[in-house]
Amino acid sequence: MKLFFSLLAVNVRRAVFSPRFLLSACGVTLVMFLTGLGLLSNAHDVIYLCGLSSGSENLMLIVGILPLFPFATTFATEWEERATAFWMIRTGIWNYAVSKVLVSALSGFLTTAVGIILFVLIALTRFPLFTKVSTGDAYSILLDAGKPVQYLCYYIAHISLSSVLFAVAAVWISTYIPNKYAAVAGPLVLYFVAHRFTATLNIPQYLKVGTIVGWVYGIGTPQKTLLLKLGVVAVLCLLMGYGAVRRIRRRVFRD
């Protein structure tokens, strides 16, 4: 286990303390500002502006593309460059594969979260954080209670969990198609196919892909709502992560 945690620490440093992470997080911030430029004259507070700037128009950039660049494409890149053997010989296949999945999930979450936080901090130089309730999502209960900071924490965590899904999906897909471009495009293709498929199924709304990724599905309290999102994301990531680890082992032994 000591070897595993050492590898995990190395990969976290590679993912988070890197120019790619900084550029990706700043990219999230830039996308939100570009989206919100036309809304500045009507915005009355940062929370209102944040909600509109992270809406459906640019959601795929914020959660589905930019969070993949810091680390989720590294397996595909290392496989193409035949660098995987360097790591696997020293750490073992299981340690290597599991650390790829975990750090990709973490870096995906942090990329989106840090990008939105930067947006909020910059927007605070011009607008107050909160003046009136302008959202009707499940977390707006916190705004009614005069807790805008807590609202932002829940909202940012909710959106960032969607990035975790895309990041783990990128690793999983790249184990089948070890190409960095496929690792970026693949999760988007998978999302749109799954979205169309689950939209027609008679299943609970919170299990439909469109809801999982882009909606705030409320079940009473903010805590329960976030735990539901966390639970669904965790199960899906566990399945994809398990598939990725098995596929990496099979690919190594086959080659």
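Being a predicted model, the structure only gives us computed values, none of them experimental.
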Quick one: [atom1] on [X] to [atom2] on [Y], what's the gap to the nearest 0.5 Å?
X    : Y    : atom1 : atom2 : result
F75  : R247 : CZ    : CZ    : 9.0 Å
L7   : R14  : CG    : CZ    : 9.0 Å
I212 : Q205 : CD1   : CD    : 10.0 Å
L129 : L121 : CG    : CG    : 10.0 Å
M1   : L8   : CE    : CG    : 9.5 Å

Check whether F69 and Y181 end up in the same hydrophobic cluster, where Ile, Leu, Val, Met, Phe, Trp and Tyr are linked by side-chain heavy atoms less than 4.5 Å apart.
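In one cluster: no.
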Geometric class of the F4/W94 ring pair [parallel <30°, tilted 30-60°, perpendicular >60°]:
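Tilted: the ring planes of W94 and F4 meet at 30° to 60°.
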Using distance alone, with no hydrogens and no angle criterion, decide if D137 and Y151 have a side-chain donor and acceptor under 3.5 Å apart.
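Side-chain D/A pair, D137 to Y151: present.
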Quick check against the 3.5 Å criterion: does [X] have a side-chain atom that pairs as donor or acceptor with the backbone of [Y]?
X    : Y    : value
D45  : T131 : yes
K229 : L161 : no
H158 : W215 : yes
S162 : V213 : yes
T112 : I62  : yes

Would you name the heavy atoms of [X] and [Y] that are closest together and state the gap between them?
X    : Y    : answer
S107 : F21  : O-CE1, 4.1 Å
A113 : S160 : N-OG, 3.3 Å
V120 : C50  : CG2-SG, 4.3 Å
S24  : T111 : CB-CG2, 3.7 Å
L49  : A123 : CD2-CB, 4.5 Å

Could you tell me whether the side chain of [Y] reaches within less than 4.5 Å of the side chain of [X], counting heavy atoms only?
X    : Y    : answer
L165 : M240 : yes
I173 : P187 : yes
V63  : F166 : yes
L143 : F130 : yes
L22  : C26  : yes

Is the distance between the ring centroids of Y206 and Y217 under 6.0 Å?
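Yes; Y217 has its ring centre under 6.0 Å from that of Y206.
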Within 45° of the axis and under 6.0 Å from the centre of the six-membered ring of F86, does NZ or CZ of R90 qualify?
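Yes; both conditions hold, so R90 lies above the ring face of F86.
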Salt bridge or not for E78 and K180, using N-O below 4.0 Å?
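Looking at K180 together with E78, the answer is no, because their closest N to O distance does not fall below 4.0 Å.
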What do the steps show when you test V103 against R13 for side-chain contact (heavy atoms from CB on, under 4.5 Å), and what is the final call?
CA-CA 10 Å; V103 177; R13 286 196 295 269; over 6 Å; no
